[in-house]
Novice: 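This is the structure, below, for whatever I ask next.
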Amino acid sequence: MAVKEKKTFKWDSQVPTGPLAEKWSSHKNNIKLVNPNNKRKFNVIVVGTGLAGASAAASLAELGYNVKAFCIQDSARRAHSIAAQGGINAAKNYQNDGDSVYRLFYDTIKGGDYRSREANVYRLAEVSNNIIDQCVAQGVPFAREYGGALANRSFGGAQLSRTFYARGQTGQQLLLGAYSALMKEVHSGKVEMFAREEMLDLVVVDGRARGIITRNLVSGEIKRHAADAVLLCTGGYGNVFYLSTNAKNSNATAAWRCYKRGAIFGNPSFTQIHPTCIPVSGEYQSKLTLMSESLRNDGRVWVPKAVGDKRHPNDIPEDERDYYLERIYPSFGNLVPRDVASRNAKNVCDEGRGVGESGLAVYLDFRDAIKRDGENTIREKYGNLFDMYEKITGENPYEVPMRIFPAVHYTMGGLWVDYNLMSNVPGLFVLGEANFSDHGANRLGASALMQGLADGYFVIPYTLGHYIASNNFEKVDENHQAFKDTEHESVSRIDKLLKIKGKKTILDFHRQLGKIMWDKVGMARNEKGLKEAIKEIQELRAEFWENVFVPGEQSTYNKYLEYANRVADFMELGELMARDALERNESCGGHFREESQTPEGEAKRDDENFCHVAAWEFKGDDKAPELHIEQLEFENVKLTQRSYK
Amino acid sequence: MSTHENMTLHLKIWRQNGPDSKGHFEDHTMDEVNPHMSFLEMLDLLNERLMQNGKQPIEFDHDCREGICGSCNLVINGIPHGPEMRTAACQLHMRKFNDGETVTIEPWRAKAFPIIKDLVVDRDAFDRIQAAGGFVSTRTGSMVDANAIPISKEAADKSMDYAVCIGCGACVAACPNSSASLFTGAKIAQFAKLPQGAPERKRRVVAMVEQMEKEGFGDCSNYAECEAVCPVGISISAIAEMRKEYVKALF
Ligand SMILES: Cc1cc2nc3c(=O)[nH]c(=O)nc-3n(C[C@H](O)[C@H](O)[C@H](O)COP(=O)(O)OP(=O)(O)OC[C@H]3O[C@@H](n4cnc5c(N)ncnc54)[C@H](O)[C@@H]3O)c2cc1C
Ligand code: FES
């Protein structure tokens with residue numbers, strides 16, 4: 001176990017001085033610029049084409065940099081961002097309901113339970129408005145009011161209507177906007193696009209990120225790509241839990257390889273468990289489907305008052321229903337933040353009041369909303385979600401309440417970055433869900449899309465330029481020894497995986513890992529469970545490298561080989577998550593330590609000991625990682641225990 | 001339609017080693033198929049069983065498994081995405097099949113979509129059509145306030161009806177001519193409905209249509225098979241919009 005001392009943090013967060021509201025503009029005025037004619041001399045690698053990667057690649061190419069962009073799907077348009085449903089926040093105050101940059105900042109800091117940097121979050125709120133302008137200019141068909149103005153809805157954790165949306169397909173429309181900007185640059189020749197090409201490792205030369213090693217997923221060819229900077233936009237790692245709302249190919253490999261090359265990992269245990277997902281129906285289940293939390297605007301969450309009440313929901317009379325969120329949190333009701341909603345669902349199920357066959361579900365009921373607004377209005381707002389629910393469960397949610405249960409959805413943790421979005425490895429920038437930066441211990445709904453696009457469109461174009469202008473770059477090409485060595489390691493690892501030819505499938509291992517993670521590193525965590533988890537994961541990992549069966553060969557399309565490589569990394573990351581959760585002996589946001597709760601069972605933060613970012617440094621495969629502490633300073637908001645009552 | 005009992009299915013699955021090799025159907029009997037499984041979970045299970053016997057799993061594309069990413073591309077019993085209307089293959093559930101049924105599974109078939117392996121095809125042609133003109137040329141940071149461009153709710157809704165295309169290619173797979181008109185038309189129509197699309201409307205339609213032809217997709221002869229299989233219900237009116245735009249662009 002790492003020893004925790006309050007040493008000074010080894011790295012500089014680069015937060016500019018001056019008043020909060022002026023930090024970003026003064027930073028922009030002070031950082032260095034690259035002459036327009038010089039930009040074409042610099043090569044930038046962008047790994048990932050989700051909201052963060054596509055927006056960054058397009059914007060940097062427009063500025064004149066030479067960009068190589070990579071993704072694992074067959075097209076940039078299929079990145080996991082495409083699946084986001086509910087919406088994107090911005091502080092436009094179009095509703096005239098008193099919104100402002102400060103309020104969006106405040107809600108995000110508070111929603112994150114005071115475990116993020118003030119300066120980063122303020123900047124996020126500040127550029128949020130530009131994002132909406134940008135997307136509208138690209139032709140994103142956001143929902144409109146009859147008068148022609150943009151429409152808004154409200155989301156969990158906010159008492160304002162600041163969420164912009166395009167039906168239930170907001171992520172799709174935003175991503176297609178960014179993708180079209182990217183394809184425009186592909187057409188103009190400024191971006192070279194590598195689809196179905198997976199980054200296997202980072203190449204570090206003289207302490208700087210200078211390239212990547214990839215595997216072409218069609219031919220199996222291993223390739224070297226050199227550049228002056230590498231932008232990692234590879235998304236989150238919720239699939240450590242096996243079952244999550246993430247797309248099946250979402251993975252941690254790129255980030256994990258960077259960690260093993262020296263990039264520190266911030267708050268790895270911070271995981272968001274989303275309250276409104278379709279419950280697990282059986283062992284064969286391969287992923288979980290989210291029902292956007294915008295549904296909580298109109299749906300009411302309840303369980304029967306009595307334990308073990310197995311009646312059909314429509315037969316349970318009003319006074320025998322417990323609308324527990326409305327009861328416990330009268331001011332936020334069904335719109336409490338995600339962590340609070342999830343934990344309460346777990347609690348009522350633990351009490352034996354869960355519904356459905358497994359007893360691991362609660363109702364989300366639209367009966368009253370349909371009565372109030374009519375079925376058509378509800379259909380117009382949520383039609384595609386209702387259809388999706390019916391396809392999966394075979395039940396009609398206009399007639400029978402939905403059954404929902406929490407599921408792993410998002411990872412707030414990620415590679416540590418400074419204010420410029422640069423990791424501690426110079427030249428390695430991390431954007432979007434892959435970094436740890438803006439959401440603290442809990443992310444508010446509709447804020448991930450905002451962050452991905454803020455990073456890509458409005459932050460990196462400035463901060464990358466600063467890095468490039470402030471440094472001298474020696475020419476490094478693909479023949480450099482570091483490329484050869486790193487490539488050799490990637491190839492050996494693939495060989496090793498293929499040679500094991502064991503008895504258990506990759507899926508078996510992934511499921512087992514997921515179960516350990518969900519049971520012991522999931523919604524509620526305690527010391528005993530976390531210690532067991534660490535041990536069990538180590539054992540599972542050892543077994544994996546002896547007994548996994550990876551079919552086929554390296555030099556062809558081989559999805560199970562890709563999968564094996566990713567699961568191998570999940571098994572290392574899972575252990576780090578458990579260590580981090582163990583070390584953080586407080587409850588905050590999505591991280592609930594049973595040892596740290598109020599008498600009413602609410603999460604209890606410990607600001608005296610844990611008001612910090614836990615950043616982990618890799619020390620070798622057989623050594624414990626080293627914990628570094630970046631203390632968080634709050635100059636503009638007062639830390640309060642969150643209360644949504 | 002099954003709801004409770006586990007089922008046995010007879011699968012006929014297309015296997016093909018690479019773009020240039022000859023393919024064939026392979027038979028597999030799948031027992032203990034739970035009706036609540038998704039179609040892809042059934043294939044996962046088949047692959048598990050194959051690998052437990054040291055055999056090669058079947059390659060197929062998938063990612064979101066929620067009908068939005070457009071990765072999955074299975075022709076099931078001759079129909080792209082299978083028998084359920086407005087449903088991508090990944091959202092299809094086994095309760096739509098009957099115990100003892102024979103189910104054939106093939107990839108999209110079109111000249112412009114060469115087979116990579118088994119059920120996986122190459123759809124890069126779609127990206128190139130998009131790159132030819134499927135965008136509004138705005139530069140990051142150079143825009144006006146979002147509400148400065150009022151757009152009627154009707155126009156926004158109509159545009160959105162076309163914008164929801166997931167780019168899966170089922171329209172091509174269903175078309176007797178392997179035409180990509182629904183895909184291309186949907187993008188053109190999305191922008192045609194919005195003021196933001198106006199400045200480049202002529203250039204866009206010409207470039208995208210030319211690219212579509214260059215990729216080896218066929219012409220549209222109004223069979224409307226595309227609309228019938230589209231998992232998100234894009235209307236064939238997209239093609240009429242594209243033609244209208246094209247004619248306008250010529251004069
Ligand atoms: C079902 C669902 C609904 C959501 N709804 C909302 C919402 O309504 N509002 C909101 O704000 N947020 C929402 N989120 C969260 C949000 O969608 C994500 O956090 C966000 O889209 C992540 O974007 P990204 O660009 O960081 O990464 P991603 O979109 O995950 O993109 C990752 C990219 O990296 C590539 N990649 C990964 N590894 C490699 C590798 N090794 N080599 C090469 N390429 C690689 C992938 O191909 C992909 O292109 C939702 C999430 C889910 C799961
Ligand atoms: S897997 Fe994404 S649409 Fe089917």
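As the structure is a prediction and not an experimental result, all values here were calculated from the model. Just so it is clear: chains get the letters A, B, ... in the order the sequence lines come, proteins before strands, and each one is counted from 1.
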Novice: Checking heavy atoms, do the side chain of V232(B), its backbone, both or neither come under 4.5 Å from chain A?
Specialist: neither
Novice: Checking I149(B) against chain A: side chain, backbone, both or neither under 4.5 Å from a heavy atom?
Specialist: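 I149(B) touches chain A through backbone and side-chain heavy atoms alike.
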Novice: Before we go on, tell me: are the rings of Y560(A) and F549(A) under 6.0 Å apart, centre to centre?
Specialist: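 They do not qualify: ring centres at least 6.0 Å apart.
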Novice: Between E380(A) and chain B, with a heavy-atom cut-off of 4.5 Å, which part of the residue counts as in contact: side chain, backbone, both or neither?
Specialist: side chain
Novice: Which answer fits S55(A), side chain, backbone, both or neither, if we ask what part of it has an atom under 4.5 Å from a heavy atom of chain B?
Specialist: neither
Novice: Check whether S281(A) gets within reach of chain B through its side chain, its backbone, both or neither, counting any heavy atom under 4.5 Å.
Specialist: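 Only the side chain of S281(A) comes within 4.5 Å of chain B.
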Novice: Which region of L40(B), side chain (C-beta onward) or backbone (N, CA, C, O), has a non-hydrogen atom less than 4.5 Å from a non-hydrogen atom of chain A, or is it both or neither?
Specialist: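 For L40(B), there is no contact with chain A at all, as no heavy atom is under 4.5 Å.
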Novice: Please flag which part of Q85(A) lies under 4.5 Å from any non-hydrogen atom of chain B: side chain, backbone, both or neither.
Specialist: side chain
Novice: Select one option (side chain, backbone, both, neither) describing which atoms of N129(A) are under 4.5 Å from chain B's heavy atoms.
Specialist: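 Answer is neither: N129(A) stays 4.5 Å or more from chain B.
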Novice: Measure distances from N53(B) to the heavy atoms of chain A and classify the residue's part below 4.5 Å as side chain, backbone, both or neither.
Specialist: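 No part of it gets close to chain A.
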Novice: If you count heavy atoms of other groups shown closer than 6.0 angstrom to CD of E395(A), is the number above 12?
Specialist: yes
Novice: What part of E41(B) is in contact with chain A, defined as an atom under 4.5 angstrom from a non-hydrogen atom: side chain, backbone, both or neither?
Specialist: side chain
Novice: Determine whether the aromatic ring centres of residues Y162(B) and F191(B) are separated by less than 6.0 angstrom.
Specialist: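 Not under 6.0 Å, so no.
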Novice: Salt bridge check, R78(A) against D61(B): does any charged N sit closer than 4.0 Å to a carboxylate O?
Specialist: no
Novice: Can the ring centres of H187(A) and F135(B) be said to be less than 6.0 Å apart?
Specialist: no
Novice: Any idea which heavy atoms bring D455(A) and P461(A) closest together, and the distance?
Specialist: O-CD, 4.4 Å
Novice: Is it the backbone or the side chain of L288(A) that comes under 4.5 Å from a heavy atom of chain B, or both, or neither?
Specialist: backbone
Novice: Compute whether any side-chain donor of one residue and acceptor of the other, for T393(A) and R403(A), lie under 3.5 angstrom apart.
Specialist: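 Looking only at side-chain atoms, R403(A) and T393(A) do not form any donor-acceptor pair under 3.5 Å.
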Novice: In terms of heavy-atom proximity below 4.5 Å to chain B, should F142(A) be classed as side chain, backbone, both, or neither?
Specialist: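 Answer is backbone: N, CA, C or O of F142(A) sit under 4.5 Å from chain B.
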Novice: For F217(B) and F113(B), I'd like to know if the aromatic rings sit close, meaning centre-to-centre distance below 6.0 Å.
Specialist: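 Yes - the distance between ring centres of F217(B) and F113(B) falls below the 6.0 Å cut-off.
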Novice: Which bit of D157(B) is near chain A, if near means a heavy-atom gap under 4.5 Å: side chain, backbone, both or neither?
Specialist: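 Both parts, heavy atoms under 4.5 Å.
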Novice: Under a 4.5 Å heavy-atom cut-off, does chain A meet the side chain of L194(B), its backbone, both or neither?
Specialist: side chain
Novice: Quick one: do D44(B) and K287(A) make a salt bridge, cutoff under 4.0 Å?
Specialist: no
Novice: When only pairs under 4.5 Å are counted, which of L507(A), L150(A), T289(A), I392(A) shares the most heavy-atom pairs with chain B?
Specialist: I392(A)
Novice: Could you walk me through whether D118(B) and R15(B) satisfy the salt bridge (charged side-chain N to carboxylate O under 4.0 Å, His left out) test, starting with their C-alpha distance in whole Å, then the side-chain angles of each, then the deciding distance to 0.1 Å, before giving a yes or no?
Specialist: CA-CA 4 Å; D118(B) 295 342; R15(B) 307 283 323 237; 3.3 Å; yes
Novice: With a 4.5 angstrom heavy-atom cut-off, could you sort out which part of Q134(A) is near chain B: side chain, backbone, both or neither?
Specialist: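 For Q134(A), heavy atoms of backbone and side chain both lie under 4.5 Å from chain B.
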Novice: What part of K92(A) gets within 4.5 angstrom of chain B, counting heavy atoms only: side chain, backbone, both, or neither?
Specialist: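 Contact with chain B: side chain only.
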